Amino acid sequence: MKTLYTVAFLIFISCLVSCLNDSGKKECSASTIINPNGDSELALLMRAMFDDSMQMKKSIEAGKKPVSQINYEELFTAEATVPEKMSTAEYKAFAKVHFAKMAELSKANSEEAPKMYTQMVESCMGCHHSFCPGPIVRIKKLYLDGF
């Protein structure tokens, strides 16, 4: 019996260590299972939006005009994990605001871009405060440093 506990403990430790990178932080890659029940279209879109926003942040911090690679109209059509939340007037209003902020950001020159980008991030925060607060910690990483 003691051997069984030892083997189980070693397997547990091996799994734990394999989930850590050199700095001791959990790795998050596309191959990592985030949601064992599957990911909705909206969840996948949100992750792509985060990556896209991080690229825009880097462009702005380098003094360049940010360019989005995402079709933000999908906010209105992507299937959500909880579809009834997406059908509310509140969600649709947040989606329209975010879509408008992205349109403004796409038209902004490099001088206006930091302000427009910050407004876009604020639209993310507003929606996630109301609907899905889990990603708020991650969204905070989108804020510009020094602007």
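Small disclaimer: the values here were computed from a predicted structure and weren't measured.
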Closer than 3.5 angstrom, by distance alone: can the side chain of Lys92 be matched with the main-chain N or O of Phe76 as a donor-acceptor pair?
no
Is there a chain of hydrophobic side chains (I, L, V, M, F, W, Y, each step under 4.5 Å between heavy atoms) that links Val67 to Ile60?
no
If we only count heavy atoms from C-beta on, is the Met46 to His128 side-chain gap below 4.5 Å?
yes
Are Leu44 and Met49 connected into the same hydrophobic cluster when the rule is that any two of I, L, V, M, F, W, Y join if their side-chain heavy atoms are below 4.5 Å apart?
no
Nearest heavy-atom neighbours spanning Ser40 and Ala80:
CB-C, 3.6 Å
Just by modelled atom types, is the Glu79 backbone N or O under 3.5 Å from a matching donor or acceptor in the Glu41 side chain?
yes
Take the angle between the ring planes of His98 and Tyr72 and call it parallel below 30°, perpendicular above 60°, tilted in between.
tilted
Looking at every heavy atom in both Asp51 and Arg138, which two are closest together, and how far apart are they?
OD1-NH2, 4.0 Å
Is it true that a side-chain atom of Glu61 and a backbone atom of Lys58 form a donor plus acceptor pair closer than 3.5 Å?
no
side-chain contact (heavy atoms from CB on, under 4.5 Å) between Asp39 and Arg47, intermediate numbers included:
CA-CA 10 Å; Asp39 295 311; Arg47 289 187 201 123; 3.1 Å; yes
Is there a path of hydrophobic side-chain contacts, each under 4.5 Å between heavy atoms of I, L, V, M, F, W or Y residues, that connects Met54 with Met120?
yes
Taking all atoms of both residues into account, what is the closest heavy-atom pair of Ser68 and Asp52, and its distance?
OG-OD2, 2.6 Å
Taking side-chain contact (heavy atoms from CB on, under 4.5 Å) as the criterion, tell me which of Met116, Gln69, Met102 meets it with Met56.
Met102
Glu104/Lys101 salt bridge by N-O under 4.0 Å criterion:
yes
Could you go through the side-chain contact (heavy atoms from CB on, under 4.5 Å) check for Leu42 and Thr81 one step at a time?
CA-CA 7 Å; Leu42 188 58; Thr81 305; over 6 Å; no
Looking only at atom types and distance, does a side-chain atom of Tyr91 sit under 3.5 Å from a main-chain N or O of Glu84, one as donor and one as acceptor?
no
Would you say Asn109 and Lys65 make side-chain contact, with heavy atoms under 4.5 Å?
no
If Ile, Leu, Val, Met, Phe, Trp and Tyr residues are connected whenever their side-chain heavy atoms lie under 4.5 Å apart, and connections chain through other members, are Met125 and Leu75 in the same group?
yes
